[in-house]
Novice: 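What follows is a structure written as structure tokens; I'll ask about it next.
If you're wondering where the values come from, they're calculated on a predicted model, not measured in any experiment.
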There are 2 protein chains.
Amino acid sequence: MPAEPLSRPRIVAAAIDLIEREGADAVSMRRIAADLGVGVMSLYNHVPNKSALLDGVAETVLSQIEFSDDPDADWTDRVRMQALAFRQIAHHYPRCTMVVVSRQLQSTAGLLPVERALATLRSAGFGGHEAVRILRVFIAYIVGSLLREVGVTPTFAPVHRSDLAVENVDPLLFPQVSGLAPMLVDCDHESEFEFGLGLLIQAIAVQLKR
Amino acid sequence: MPAEPLSRPRIVAAAIDLIEREGADAVSMRRIAADLGVGVMSLYNHVPNKSALLDGVAETVLSQIEFSDDPDADWTDRVRMQALAFRQIAHHYPRCTMVVVSRQLQSTAGLLPVERALATLRSAGFGGHEAVRILRVFIAYIVGSLLREVGVTPTFAPVHRSDLAVENVDPLLFPQVSGLAPMLVDCDHESEFEFGLGLLIQAIAVQLKR
DNA sequence: AGAGTCGCACGTACGGTGTACGTACGTCAA
DNA sequence: TTGACGTACGTACACCGTACGTGCGACTCT
């Protein structure tokens with residue numbers, strides 16, 4: 001009956017669509033089936049369970065990262081570009097970001113960025129051990145930043161909506177927070193991200209010179 | 001009947017206990033009520049809903065951070081200590097960490113660490129704007145690192161259990177990943193964390209000298 | 001052509017979830 | 001004494017993931 005037959009990619013695509021439209025909480029097998037005009041249990045012919053479906057979502061999103069790696073560029077720029085590429089995809093699927101980040105998948109989709117990053121770092125002159133450590137630091141920073149941007153993360157990074165909690169804080173108990181409230185409240189995610197990225201790159205550049 | 005009457009703190013404590021014993025997925029109002037030897041709906045006399053209960057969990061965990069701030073110490077050491085204090089509490093409630101980190105709460109419990117951090121940075125000589133930016137970078141790094149340690153986070157940081165996905169990867173497609181597999185697989189979280197922390201602190205120290 | 005197999009769509013059903021609502025029973029105030 | 005009120009609790013509803021069985025179409029092999 002359906003012009004296109006049911007398939008895992010179609011189901012994953014429907015899930016991504018649903019997440020972007022209504023958030024990750026709206027995802028249910030029933031809901032996805034309804035969106036596809038299909039019985040609930042039909043999904044299980046293509047996907048073993050909900051968890052695997054979400055893995056598929058993460059994998060699909062992750063595989064869409066586009067590296068325009070220029071081997072001739074300075075290694076610092078290449079690292080920067082790779083980090084930005086990672087962030088860009090999260091910006092394209094904002095509500096899927098939490099799903100991607102909070103799910104450890106073992107497909108090759110997640111390995112490609114790692115391979116690229118390690119290659120870049122090693123070509124810059126870092127040893128294997130250093131490269132791995134540095135990669136971990138960058139991933140931690142990127143993941144943490146994305147969580148903030150997506151709006152998930154403790155108070156420290158209030159969303160841009162009028163977050164009165166920060167502004168109405170007791171100036172005597174929290175002089176710094178109170179005084180810096182305007183800066184705490186609004187946040188240019190892009191420039192903040194690049195600021196930290198610059199710090200890290202600068203730090204490892206120093207590290208390299210020894 | 002219960003020696004101690006039901007109360008919000010008691011419910012939150014039960015939730016924390018349950019999360020640490022059986023993981024965040026095991027949390028349900030019914031289960032918590034059962035653990036407390038109480039009817040399910042009795043909980044709602046003290047907690048408006050499950051989400052608020054989890055906020056309470058995050059708040060409680062967060063409020064147990066112990067800063068032993070030494071105003072005479074070098075500011076770099078103070079920053080380091082605060083970051084480590086944050087990490088330590090996550091280490092103490094490992095399975096609550098995801099709950100804490102993925103929940104933006106607006107109570108003052110989350111503000112105290114922010115206040116301390118901002119004060120430290122400003123006393124080091126940073127301006128308000130810089131202090132906020134730097135704080136955001138540190139938080140991103142810390143949150144990202146904790147997610148990795150807790151075992152939530154994409155492939156990049158495989159857990160120490162035999163993660164065959166990385167070791168059995170095609171050496172031709174992923175030479176770096178394949179060659180560095182041993183280092184990718186096992187990870188001394190503590191030293192990794194301090195490595196990145198050191199990088200960041202060094203970077204902002206450089207920043208300060210201008 | 002007939003028979004057999006297989007994949008896929010689907011309905012039903014079970015045990016779980018959060019929580020709205022009504023009720024019953026204490027303890028205090030007037 | 002009477003009333004109000006806070007608290008504990010049971011019931012009920014809508015929703016969830018998914019195990020299981022059924023039926024139908026297409027394809028393969030004889």
Novice: With A/Phe193, which residues qualify under ring pair (Phe, Tyr, Trp, His ring centres under 6.0 Å), at least two apart?
Specialist: A/Tyr141
Novice: Rounded to whole angstrom units, what separation is found between the CG atom of B/Leu36 and the P atom of D/dT7?
Specialist: 16 Å
Novice: For B/Ser42 and D/dC9, is the shortest distance between a side-chain N/O and OP1 or OP2 below 4.0 Å?
Specialist: yes
Novice: Between B/His46 and D/dG6, is there a contact of a side-chain N or O with OP1 or OP2 at under 4.0 Å?
Specialist: no
Novice: Starting from C1' on D/dC9, measure out to CG on B/Leu6 and report it in whole angstrom.
Specialist: 12 Å
Novice: Per the side chain to side chain donor-acceptor pair (under 3.5 Å) rule, what does the pair list look like for residues 13-28 of chain B, sequence neighbours excluded?
Specialist: B/Arg21-B/Asp35, B/Glu22-B/Arg31
Novice: When you look for runs of 3 or more Watson-Crick or G-U pairs in a row, both distances below 3.5 Å, which of them include DNA chain C?
Specialist: C:3-28 with D:3-28
Novice: Check the distance between C/dT19's C1' and B/Asn45's CG and give it to me in whole angstrom.
Specialist: 13 Å
Novice: Tell me, please, which residues at least two apart from A/Arg8 pass side chain to side chain donor-acceptor pair (under 3.5 Å).
Specialist: none
Novice: Among all residues two or more places apart in sequence or in another chain, which pass the salt bridge (charged side-chain N to carboxylate O under 4.0 Å, His left out) test with B/Glu115?
Specialist: none
Novice: Across nucleotides 11-23 of chain D, 5' to 3', mark each nucleotide with B, S or - according to how protein heavy atoms within less than 4.0 Å reach it.
Specialist: BB---BBBBB---
Novice: Is the NE2 atom of B/His91 crowded by more than 12 outside heavy atoms at less than 6.0 Å?
Specialist: no
Novice: How would you list all residue pairs meeting salt bridge (charged side-chain N to carboxylate O under 4.0 Å, His left out) that involve residues 168-183 of chain B, not counting sequence neighbours?
Specialist: none
Novice: Sorted by first residue and then second, give each side chain to side chain donor-acceptor pair (under 3.5 Å) pair with at least one member in residues 57-66 of chain A; sequence neighbours left out.
Specialist: A/Gln64-A/Tyr93
Novice: Could you check how far CG of B/Leu54 sits from P of C/dT17, rounded to whole Å?
Specialist: 14 Å
Novice: In this structure, how many angstroms lie between the P atom of C/dC8 and the CZ atom of A/Arg8, rounded?
Specialist: 14 Å
Novice: Excluding sequence neighbours, so at least two apart, what forms salt bridge (charged side-chain N to carboxylate O under 4.0 Å, His left out) with B/Asp188?
Specialist: none
